[in-house]
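Below is one structure, written out as structure tokens, with a few remarks after it.
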Amino acid sequence: MDYVRGEQICSRCGIVLSFRTIDQGPEWRAFSAEELQKRDRIGSPPTLTIHDKGLSTLIDRQNKDAFGKQLTPKRKAQIYRLRKWQSRSRVCSSSERNLRAAMAELERLSSQLGIPRDVKETAAILYRQALEKKLIRGHSIEVMVDAAVYAACRKRKIPHTLEDIERFSRMTRRELGRCYRLLLDKLEIIIPLISPLEFIPRFSSALMLSERTQQRAATILLLAREKGITVGKDPTGLAASALYIAAILEGERRTQREIATAAQVTEVTVRNRYKEIAQNLNIQLKI
DNA sequence: AAGACGAAAGTGGTTGA
DNA sequence: TCAACAACTTTCGTCTT
């Protein structure tokens, strides 16, 4: 089981048997050592994905204190005023309203993408920081949230491409990329370059390739990197062509078209990459 | 007939003056 | 800000299996 991605993967052939699985861990919630002792089963964790971090307190309408006693008239008036100001302040600040819309969009997108909760939280943090630095102004909430989700995926090494996000977003890849870059610049986030290796399991399961082939593709990629022919190249294209070569070597040939479709690149890119790699690593492919 | 190949022209993004 | 540039895409005609 890959709990981070919520995928059940066959350890022999690497095929993804199921995804978006249910966490089968203990059902009591525990977010600190103290809570672990109590084994509470109720209540939500303090989460950053709700606009007020899930920590809102409502002043109840019943004019009773914690012991159920009626309040004195003076106290009652005081509580009434508190209640009024609470309701006014809660959603009326513009950033609160913004966050409210943003977290709804975050919820929608992340459930469609099926990303795990910690990545969602990361995206929420990024968005909050962006909001504090006034980066949202001039952009729609939606596009910034989607860009934050992409950034969070990159940060947590979830192999999603911009195209994946684009599919569930109303935004274009270009706008998303622009806002993503803006986030990186202004928030000074360091995002590790995504390695082609990360895409291998994903493409392989789409192509029904065996574990052996995946291993082989991985070593091909590592050798290619040593030769220095991978810099500046599209990681998905590299992963695709390495898989193409590996599949042929392992007798599981796939057509360039199949590979290209799975990796969302063109045949031409697969072709160019694999020619380069085969030449540099002296791999003879009998066609 | 399908797959592989490669040339040519176009696109979006980076870089360096 | 603009031009040069590298990587990738699209398109299309040709060759191979």
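Throughout, a chain's letter reflects where its sequence line sits, starting with A, and its residues are numbered from 1.
Summarising the geometry of A/Thr161 relative to A/Arg202, their closest heavy-atom pair is N-NH1, 4.4 Å, with the distance given to 0.1 Å.
With distances taken from any side-chain atom of A/Arg253 to the nucleotides B/dG12, B/dA4, C/dC8, the minimum falls on B/dA4. Listed candidates were C/dT10, B/dG3, B/dC5. Nearest to the side chain of A/Tyr274 is B/dC5. The A/Lys275 side chain lies nearest to B/dG6 when the options are B/dG12, B/dA4, B/dG6. Ranking B/dG3, C/dT11, C/dC8 by closeness to the A/Val268 side chain, first place goes to C/dT11. The A/Thr255 side chain lies nearest to B/dG3 when the options are B/dC5, B/dG12, B/dG3.
Listed pair A/Arg273 / C/dC8 meets the phosphate criterion, a side-chain N or O lying under 4.0 Å from OP1 or OP2. The phosphate of B/dT14 (OP1 or OP2) has a side-chain N or O of A/Arg181 nearer than 4.0 angstrom.
Look at CZ on A/Arg178: it is 16 Å from P on B/dT11, rounded to the nearest Å. Here the C1' atom of nucleotide B/dG13 and the CD atom of A/Glu175 are 16 Å apart, to the nearest Å. Note: CD (A/Glu276) to P (B/dC5) measures 14 Å, nearest angstrom. Separating the CD1 atom of A/Ile259 from the P atom of B/dG3 is a distance of 13 Å, rounded to the nearest angstrom. Note: CD (A/Glu267) to P (C/dC15) measures 19 Å, nearest angstrom. Atom CZ of A/Arg257 and atom P of B/dG3 are 7 Å apart (whole Å). Distance CZ (A/Arg174) to P (B/dT11): 12 Å, rounded to an integer number of Å. Atom CZ of A/Arg254 is separated from atom P of B/dA4 by 12 Å (rounded to the nearest Å).
Looking at A/Arg271, its side chain comes within 3.5 Å of the base of B/dG6 through a donor and an acceptor atom.
Side-chain heavy atoms closer than 4.5 Å link hydrophobic residues (I, L, V, M, F, W, Y) into clusters, and following such links, possibly through other members, connects A/Leu221 to A/Leu223.
A/Thr266 comes within 4.0 angstrom of a base, heavy atoms only.
At a threshold of 4.5 Å between non-hydrogen side-chain atoms, the residues A/Cys153 and A/Val119 count as touching.
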Next on the checklist: Quick one, A/Leu131 with A/Met144, criterion side chain to side chain contact (heavy atoms under 4.5 Å, CB included). Give me CA distance, side-chain angles, the key distance, then yes/no.
Outcome noted: CA-CA 10 Å; A/Leu131 191 64; A/Met144 289 305 281; over 6 Å; no

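Within the structure, the ring-ring contact (aromatic ring centres under 6.0 Å, His included) test picks out the following pairs touching residues 201-227 of chain A (sequence neighbours left out): A/Phe199-A/Phe203.
Here C/dA6 sits opposite no nucleotide as a Watson-Crick or G-U wobble pair (both hydrogen-bonding atom distances under 3.5 Å).
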